[in-house]
There are 2 protein chains.
Amino acid sequence: MKKDSILPPKQPDTLSDKFQRGDLMAEACPSRTVLKHMTSRWGVLVLIALQGPTTRRFSELRRLIGGVSERMLAQTLQWLEADGLVNRVAFDVVPPHVEYSLTPLGQQAAEKVRDLADWIETSLPHIAQRWAKQPNQEGAQEPAVSADLR
Amino acid sequence: MKKDSILPPKQPDTLSDKFQRGDLMAEACPSRTVLKHMTSRWGVLVLIALQGPTTRRFSELRRLIGGVSERMLAQTLQWLEADGLVNRVAFDVVPPHVEYSLTPLGQQAAEKVRDLADWIETSLPHIAQRWAKQPNQEGAQEPAVSADLR
DNA sequence: GTAAGTACGTACAGAAAGGTAAGTATGAAA
DNA sequence: TTTCATACTTACCTTTCTGTACGTACTTAC
């Protein structure tokens, strides 16, 4: 007999919860923003590319990450910097020189994201194999023939 | 035109490698599609919500995941199903009844994504604290109530 | 003297993601 | 009888995302 127990409609008390620990299932939780930045199209790849002992320069990252535009790389780096995951050090020299690296927090984040990426890369054969059997999907959804499940 | 030498050569980057193992840094690699589905706005939350021993029904998921629309939930589930991460079982009954669950592959995926989510949720205080100091930024949000945790 | 590299900022536009509302078939509750 | 719930689909529209192109200020290479 728990109709509403799946999700309480509202709780004024969850507010304090939000500050102690995020709740991604809650619509208004700020953790969703962090998730958005980290799992944005380029966020994952930037974090991974920044792993390692050396700092990276902007155009170096651009070459590492296949397909990023300058605009998107800059924006992604700014997001991650604002979230405290990325360090940016700019040298005031004539041809601009900027070095990016991960903060301690960013290194933790990068590890998680790396684990995910590694899993995808190694599991890809299984998944791709499945795609081969089942016809198209992905970004484009054509008016596919509706599977008559009923 | 490949200049991959910036990265520490962990593995030879041959053509056959791409079929045996994805390479997310490569623009054309199909693993990017999987990443897109899993890290889509709702993909992460769906995978997490499906963790556990029980199956979930559509509207149950909808209630669990704050803010999803029916349209987006349906689409996300279809993506993940097509990738072989989610099982869908439809019963041919009068009020529709469909049960969703994770495939073995999906359970692995959910673990990775869960690790990431857990990290975000526990790290949120650090990050939010940083937002408060830095002038308001893109994507960053003001605290709904100015309750300052000291 | 001209092109290229650096690390972006900005304006514009097309693509994609996402939301809203409505419809479907049917049984059960009010 | 009207309404509600289920599990979607579809059309339509808005918001967000992302790419292209260009500008910058200056140095080095050709």
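Residue numbers begin at 1 in each chain, while the letters A, B, ... track the order of the sequences.
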What's the spacing between A:Glu60 CD and A:Leu50 CG if we round to 0.5 Å? 9.5 Å
Donor-acceptor contact below 3.5 Å, side chain B:Arg41 vs main chain A:Lys36: no
Under 4.0 angstrom between A:Arg62 side-chain N/O and C:dG5 OP1 or OP2: no
Nearest-angstrom distance from the residue atom [atom1] of [X] to [atom2] of [N]:
X       : N      : atom1 : atom2 : value
A:Phe91 : C:dA7  : CZ    : C1'   : 14 Å
B:Arg57 : D:dA5  : CZ    : P     : 13 Å
B:Asp92 : D:dC8  : CG    : P     : 13 Å
B:Leu73 : D:dA7  : CG    : P     : 10 Å
A:Leu64 : C:dA7  : CG    : C1'   : 16 Å
A:Glu27 : C:dG18 : CD    : C1'   : 13 Å
A:Arg32 : C:dA17 : CZ    : C1'   : 15 Å

Tell me, please, which residues at least two apart from [X] pass side-chain contact (heavy atoms from CB on, under 4.5 Å).
X       : answer
A:Thr76 : A:Ser40, A:Trp42, A:Val46, A:Leu80
A:Val44 : A:Ile48, A:Val113, B:Leu35
B:Glu70 : B:Phe58, B:Arg62

ring-ring contact (aromatic ring centres under 6.0 Å, His included) partners of B:His126, counting only residues at least two apart: none
Bracket string, DNA chain D, 5' to 3' - pairs by Watson-Crick or G-U geometry under 3.5 Å, | interstrand: ||||||||||||||||||||||||||||||
Selection residues 80-119 of chain B - residue pairs positive for ring-ring contact (aromatic ring centres under 6.0 Å, His included), sequence neighbours left out: B:Phe91-B:His97
Go through the structure and list residues passing salt bridge (charged side-chain N to carboxylate O under 4.0 Å, His left out) with B:Glu111, not counting sequence neighbours. none
Residues in side-chain hydrogen bond (donor to acceptor under 3.5 Å, both in side chains) contact with B:Arg32, at least two apart in sequence or another chain: none
Just checking A:Tyr100: base, sugar-phosphate only, or nothing, at a heavy-atom cut-off of under 4.0 Å? sugar-phosphate
Which letter, B, S or -, goes with each nucleotide of nucleotides 12-30 of chain D from 5' to 3', with contact meaning a protein heavy atom under 4.0 Å? -----SBBB-----SS---
